[in-house]
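Protein chains get the first letters and strands the later ones, always in sequence-line order, with residue 1 at the start of each. Note that the coordinates shown come from a computational prediction; the quantities given were computed from them, not determined experimentally.
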Amino acid sequence: MNDHHGHAPTHHVTPLPVYFAIFFALMILTGITVWISRVDLGVMNFPVAMAVAIVKATLVILFFMHLIHSTRLTWVVVLGSFLWLGVLFVLIFSDYLTRAWVMY
Amino acid sequence: MRSDFPLFPEQASTVAPYVDALYLFLVGITGLVSLLIWIAVFYFAIKYRRRPENELAEEIEPPQMLEIAWTVIPAIIFVGIFVAGAWVYFHINRVPDDALDIYATGRQWMWKFQHPSGQREINTLHVPVNRPIRITMASEDVIHSLWFPVFRVKADVLPNRYRTMWFEATKTGRFHIFCAEYCGTQHSGMIGWVEVMEPTAYQRWLAGGAEGSLASQGEKLFQKYACHTCHTNEATGRGPILAGLYGKQIQLTNNSRVLADDNYLRESILNPQAKIAAGFQPIMPTFQGQVNEEELIKLLAYIRSMPAAAPVVAPPTASAGPAATQNKGTVQ
Amino acid sequence: MSERQGVEMQNAECKMQKEILHSASPDVAGPFLHFAFCICFSAAGAEMTAIEPTHEDHHAPHPFLQHHFEDLGQQHEASTLGMWMFLATEILFFGGVLCAYFVYRGMYHDAWKAGSHHQNWMIGTGNTAVLIGSSLTMALAVWAAQLGRRKLTVIMLTLTLILGSVFLGVKMYEYSEHIHEGLFPGKHFTFVEHNNPALTPGVQLYMTFYFALTGLHALHMVIGAGLLIWMIWRAWAGHFGPEYYGPVEVMGLYWHFVDIVWIFLFPLLYLV
Amino acid sequence: MTPSTLHDVRFIEPEKTRNYLNEDYGVFSWLLTKDHKRIGILYLLSVTLLFFVGGFFAFMLRLELLTPEGDLLTSDTYNKFFTLHGIVMIFFFLIPAIPAALGNFILPLMLGAKDLAFPKINLLSWYIYMTGAIFGIYVIVTGGVDTGWTFYTPFSTQYSNTHVFATTLGAFITGFSSILTGLNFIVTIHRMRAPGLTWFRLPLFVWSMYATSLVMLLATPVLAITLFLLMLERTLGVGIFDPALGGDPVLYQHLFWFYSHPAVYIMILPAMAVISECVAAFTRKKIFGYKFVAFASLAIAFLGFLVWAHHMFVAGISVYSAMIFSFLTMLVAVPSAIKVFNWTATMYRASVSWQTPMLYVMGFIGLFTIGGVTGLFLGAMGVDVHVHDSYFVVAHFHYIMVGGTVMGYLAGIHYWWPKITGRMYPEWWARLSALLIFVGFNLTFFPQFLVGYVGMPRRYHAYAPEFQVLNVLSTAGATVLAAGYILPMFYLFWSLWYGRKAGSNPWGAVGLEWATSSPPPKENFHVTPVVTWDAYDYPAFLKAMRETQNV
Ligand code: HEA
Ligand code: HEA
Ligand code: CUA
Ligand SMILES: [Cu+2]
């Protein structure tokens, strides 16, 4: 349906404190990544670093990019594109990770 | 123009009947359904052609059941096709345990084959009938693809990596070999013949003038390249003991383990720094550019043939690991 | 030629001039590929940010409403949706290289570690902070534009530009160091040298990915900087207000996205 | 802008003399136009031109293959010709053909919009396309390229000494034009629909274009980055995909097919879009199972992303992974089957007209079915091991791309010709050429299935003598086919001046594009349409038409 007709962009204005809070969160998370990389967690180093990066990206997308106040369609676009990226990764790795399997 | 021309390839291997059966099954089922569709299209197009009395089409409510039926039934048929196809594919990839090893090297634009007994040949391959043959192959330059249409098998031949394929010929005779992956100017000239012979004839052919078995040729190279200076049969050598190495799990310095298969041996010789066996220094020089594909095959044949028995103190590398997986087809 | 046609021709020419004016995009020129990229991206940006003051309009309530839209709401939503869609393609664009990166990281695990030792993680951390800071100022610029605070918008956009340039400057410095050390991929960068533990094939691959990934990222930054200059000009000229701030918002989406890419590149390249 | 009633929107035929063609004159009014209709025509001309360039190469290939020996062309020339044939046909003809030419023209009309959401991006996409095409032409003129359209490494990066860089750059650039087209379509479909035009009132053309655009948007960037890495590797001599330098050539294939398999749906979905429109218009019926067909398009777009490695069953991927891909390949065939069944069922108890577009529709259904089911043969791994890279594959994709998409393209051109130009094409000649194309096509490509299964590899300049008979048939067919393709050039051109005047709705079809004059005015509609009816609502439409005529 035409959900768009007849209104000017009366969009949500995010209050300033939110922006600053997110900024500090991002800075702290950056610190955490760096710190984590200095200590040896064995195989866990990499997943942790990625997890932190994902959290940071999520914060940016939700608040700096206003996804949280956006239409459902925008959510679909964002989640959809990560889903597609997931398809690329998962299916390519389905090859690389099973190549060494022995066949009986 | 020739008057006799084949419309179907000869069946000359154990897997060919399976492939053909699957193919004909597919021709049958899809042909049937397609035929029904064309008949329907033409029948409707003629029966309901536009005439003054049917200017206005009749509106019919599509029955939901019909939609579901022609979604689900094809889906079931398709999954059936998948299962059959996968089954045949498995058959094509699962190398029998008692296969005879032959090595193939592809290069622009010829095929080189090496038999374990040392025979080499170019663009022709002699094999015995009724005996599973495993071909281990690599390319010296670009990707090629070894295709035996009468055996219904084909596999891409990759640079810097060993792959295997197998077949068991069921008919004697002379059949085409094609390169099926585009590889440059003379791609269409990268063809040859496979001669399937009676076992006795094959033995006779083998006896004709070889310079000793692959392994013994490999042993000479092992001396020539001075591998033996480091890889001695004593645990005190600078390099790991290679005897009995093949098919074992190897402990590496970075805490992971790898299976010592052809590809691992290949990498160890050409790019020794990539994976370092635990307990050793990364001092082995690279032989990239010195050892060519064919020599590599000989070296590998030699390493594989080294008896595992001699030293009791196994290298720290080859401690655990299941019984030799040597003859199981690894998925490459 | 009939009189009408003559007038028509004049119109066409006049339009062409306007067209040329409008499509002139403030980019840094560079080698061809770079150039093609810039045209493509910034022109796309230009469209979504809907610059064209209408001339052939019959019912325009607002000077920046394009003739084929019904109203500003529709136009705003179209341009933000367009930018999100564009970012979706960007995700897959970077995703492709990242995928290759991960495959080789799996294959050459040790080399990746060795390679990352060529990076100075402290510089990397500092630069990450700079970029996150620029994201903050960008967000604030959108905020200011939404409230119609012209000066603040200009200031925030300018700050964003400055921080972005600092980031690029530091990157430049890092590149020059690497090139100095002979780590830039090239013909000399061959397999035969692999007995040099600093440059095994794995490390070479790592460096290749380093330059490909950061290079693409920097290219996006350069384009972003071009768009920023233009936004600053528009904000200065007072184009934006609570009614119409789409261009700043869309610019922000782009800028934050580039930031997100870096958020991933930083641990992947510096902190392996 | 007062919304009009159902009545006047659909039957009004304003005797306006001004339309998008005579609104402005001069070269620049075309080269700088932002009117989607004119851009559509720019695309139409350029893709058709490149079709004939690609066709020329095809014709030379067939001539060479008349005899087993490589006598007409040298092997290098032959290799360049099939490469250029593939590249021109795929990147410069088939991918933009229906979406960018017909889609551009028709989509906004169908939506009741004045233009696409981003008219300047639309024009830009044509310029990007032309830039890419110029690289293509440059390559053709300066000596060609011989990697095959798939650019497999390491041949393309280390061994080929032809113009690989310029070609990949051309393909890379064109990629951005399809990204921008896709982006434009999606935003337009979401944001620019006429009042009352809900999702389930959209013509299936729009659904299919939407699905196509999704694929363009999400697959093309991966091709771009892959070609970018390839160019990097070729110029800098690094080893991203080169095994001699530590890279993995199979990874290249993964990334390439991640784009190129979905790309085959970029090629077929728009043809399906045209077919849906034509089936409805020439049977005067609502498409059977409208919603199923609509969702089938989306299902194809999504599932199409999950099957790419079926091109790599013998390339050295893991057996287990191959199984997953084979399974998913079977799933992606289901929505195609749904479409075929529904089109066929639409003809049941219909009022079938035998005009040219409908002939193409019947051709499409027949040939696409053959092409599609042979795709199942290829998806069944056991058979693919044997027929991979043989003429069986060549036959498969020509059945779909030529028998399917090119037929769809021609159907669309004939169907919308009166709307685009305001003139009718000559029916008799059009039917003749449709017949020639159908016969010539089957004669060309059916023998290739046989010769492929017997064992003839593709990309072979010279072949074993026992394959000759089938190849002669194929070459003979190509000659007939060529005649069939050249014919429309003449009669369509002729019709621009001498064709019968069309009127706004010559087929009596439903759809907003028929509710405006032919050719349409510059901003598409004289009054903004308000939609109160479903797509293909023929009964109501025809009843209303009779009433208006009686009044
Ligand atoms: C428009 C282009 C297009 C389309 C739509 C398709 C559609 C399909 N393709 Fe095709 N394909 C190509 C273009 C296309 N292909 C090209 C260009 C290549 C070669 C590339 C190269 O190497 O150069 C190729 C190669 C190719 C391969 C690799 C072959 C090889 O190299 O070894 C495979 C393997 O699975 C495959 C499968 C399929 C399948 C399963 C479909 C399915 O989507 C088809 C689905 C349709 C149907 C199934 C028909 C309708 C169904 C019915 C009427 C139901 C009735 C049937 C039953 C109930 C049994 N294709
Ligand atoms: C849209 C895609 C498309 C289209 C429309 C076509 C159309 C045709 N193709 Fe194409 N083809 C491909 C896509 C396409 N092809 C691809 C992707 C490949 C794989 C490439 C690769 O391996 O890399 C391929 C490969 C391919 C081969 C295999 C080459 C090989 O592997 O060695 C052959 C062989 O017969 C062939 C033939 C034809 C023919 C006869 C037509 C006919 O339908 C064309 C008919 C049109 C004409 C004939 C034009 C008419 C005009 C003229 C004839 C005037 C010309 C002037 C003079 C003769 C002076 N094609
Ligand atoms: Cu070797 Cu083709
Ligand atoms: Cu495919």
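Between chain B and the residues D/Ile338, D/Thr369, D/Val387, the most heavy-atom pairs under 4.5 angstrom are made by D/Ile338. Of the listed residues (B/Gly184, B/Ala155, B/Gly189), the one with the most heavy-atom contacts under 4.5 Å to chain D is B/Gly184. Chain B forms the most heavy-atom pairs under 4.5 Å with one residue out of D/Met456, D/Met362, D/His388, and that residue is D/His388. Of all the listed residues (B/Ser34, B/Ala40, B/Gly85, B/Ala84), the one sharing the greatest number of non-hydrogen pairs under 4.5 Å with chain D is B/Gly85. Options D/Thr283, D/Val385, D/Val334, D/Thr147 differ in how many heavy-atom pairs under 4.5 Å they form with chain B, and the most are formed by D/Val385. Contact tally against chain B (heavy-atom pairs below 4.5 Å) for D/Met381, D/Met358, D/Arg459: the top residue is D/Met381. For chain B, the option among D/Ala315, D/Gly366, D/Ala337, D/Ser326 with the highest count of heavy-atom pairs below 4.5 Å is D/Ala315. Between chain D and the residues B/Trp38, B/Trp70, B/Phe178, the most heavy-atom pairs under 4.5 angstrom are made by B/Trp70. The most heavy-atom pairs under 4.5 Å with chain D, out of B/Val27, B/Val15, B/Val157, come from B/Val27. Across D/Ala296, D/Pro154, D/Ala322, the residue that shares the most heavy-atom pairs under 4.5 angstrom with chain B is D/Pro154. Looking only at heavy-atom pairs under 4.5 Å with chain D, the residue among B/Trp147, B/Tyr18, B/Phe8 that has the most is B/Trp147. Annotation: maximal heavy-atom pairing with chain D below 4.5 Å, among B/Ala45, B/Ser145, B/Gly31, occurs at B/Ala45.
For an aromatic pair to be called close, the ring centres must be under 6.0 Å apart, and B/His187 with B/Tyr182 satisfies this. You'll find the ring centres of D/Trp343 and D/Phe288 outside the 6.0 Å limit. Separation of the B/Tyr23 and D/Tyr453 ring centroids falls under the 6.0 Å cut-off.
Geometric assessment of B/Arg174 against the ring of B/Trp193 yields a positive cation-pi assignment under the 6.0 Å and 45° thresholds. For D/Lys291 and D/Phe295, the positive end is not near the middle of the six-membered ring at less than 6.0 Å and at most 45° from its axis.
When heavy atoms are compared at a cutoff of 4.5 Å, D/Asn342 approaches chain B by way of both its backbone and its side chain. With a 4.5 Å cut-off on non-hydrogen atoms, B/Ile29 does not touch chain D at all. Heavy-atom distances place the backbone of B/Cys183, and not its side chain, under 4.5 Å from chain D. Only the side chain of B/Leu66 comes within less than 4.5 Å of a heavy atom in chain D; its backbone stays farther off. With a 4.5 Å cut-off on non-hydrogen atoms, D/Tyr152 touches chain B through its side chain but not through its backbone. Interface remark: D/Val250 contributes side-chain atoms only to the contact with chain B (heavy atom separation under 4.5 Å). Residue D/Thr374 does not touch chain B at all, counting heavy-atom pairs closer than 4.5 Å. Looking at B/Gln108, only its side chain comes within 4.5 Å of chain D, counting heavy atoms on both sides. Heavy atoms of D/Phe377 lying under 4.5 Å from chain B belong to its backbone as well as its side chain. Within the 4.5 angstrom heavy-atom criterion, only side-chain atoms of B/Ile92, from C-beta onward, approach chain D. Neither the backbone nor the side chain of D/Tyr78 comes within contact range of chain B, judged by heavy atoms closer than 4.5 Å. For B/Leu158, the part sitting under 4.5 Å from any heavy atom of chain D is the side chain, from C-beta outward, and nothing else. Only the backbone of B/Glu140 comes within contact range of chain D, with at least one heavy atom under 4.5 Å from a heavy atom of that chain. Heavy-atom distances place the side chain of D/Tyr159, and not its backbone, under 4.5 Å from chain B. Heavy-atom distances place no part of D/Tyr536 under 4.5 Å from chain B, backbone and side chain included. Proximity to chain D (any heavy atom under 4.5 Å) is restricted, for B/Met190, to the backbone atoms N, CA, C and O.
Ring geometry for D/Phe364 against D/Phe368 counts as parallel: the plane angle stays under 30°, on a 0 to 90° scale with 60° as the upper cut. Ring geometry for B/Trp87 against B/His91 counts as parallel: the plane angle stays under 30°, on a 0 to 90° scale with 60° as the upper cut.
We find that D/Lys80 and D/Asp146 are not joined by a salt bridge, their nearest charged nitrogen and carboxylate oxygen being 4.0 Å or further apart. One finds a salt bridge joining B/Glu293 and B/Arg266 here, because a Lys/Arg side-chain nitrogen approaches an Asp/Glu carboxylate oxygen to under 4.0 Å.
The two residues D/Val332 and D/Thr329 have their closest heavy-atom pair at CG1-O, 3.1 Å.
Applying the side-chain contact (heavy atoms from CB on, under 4.5 Å) test between B/Ile135 and each of B/Val153, B/Leu125, B/Thr164 identifies B/Leu125 as the sole match.
For the pair D/Tyr463 and D/Gln468, the minimum side-chain heavy-atom distance is below 4.5 Å. Considering only heavy atoms from C-beta on, B/Trp109 comes within 4.5 Å of B/Thr185 through its side chain.
D/Glu69 and D/His461 form no side-chain donor-acceptor contact under 3.5 Å, judged by distance and modelled atom types alone. Counting only N and O atoms by type, the side chains of B/Asp20 and B/Gln11 include a donor and acceptor under 3.5 Å apart. Side chains of D/Asp242 and D/Tyr252: no donor on one and acceptor on the other come within 3.5 Å.
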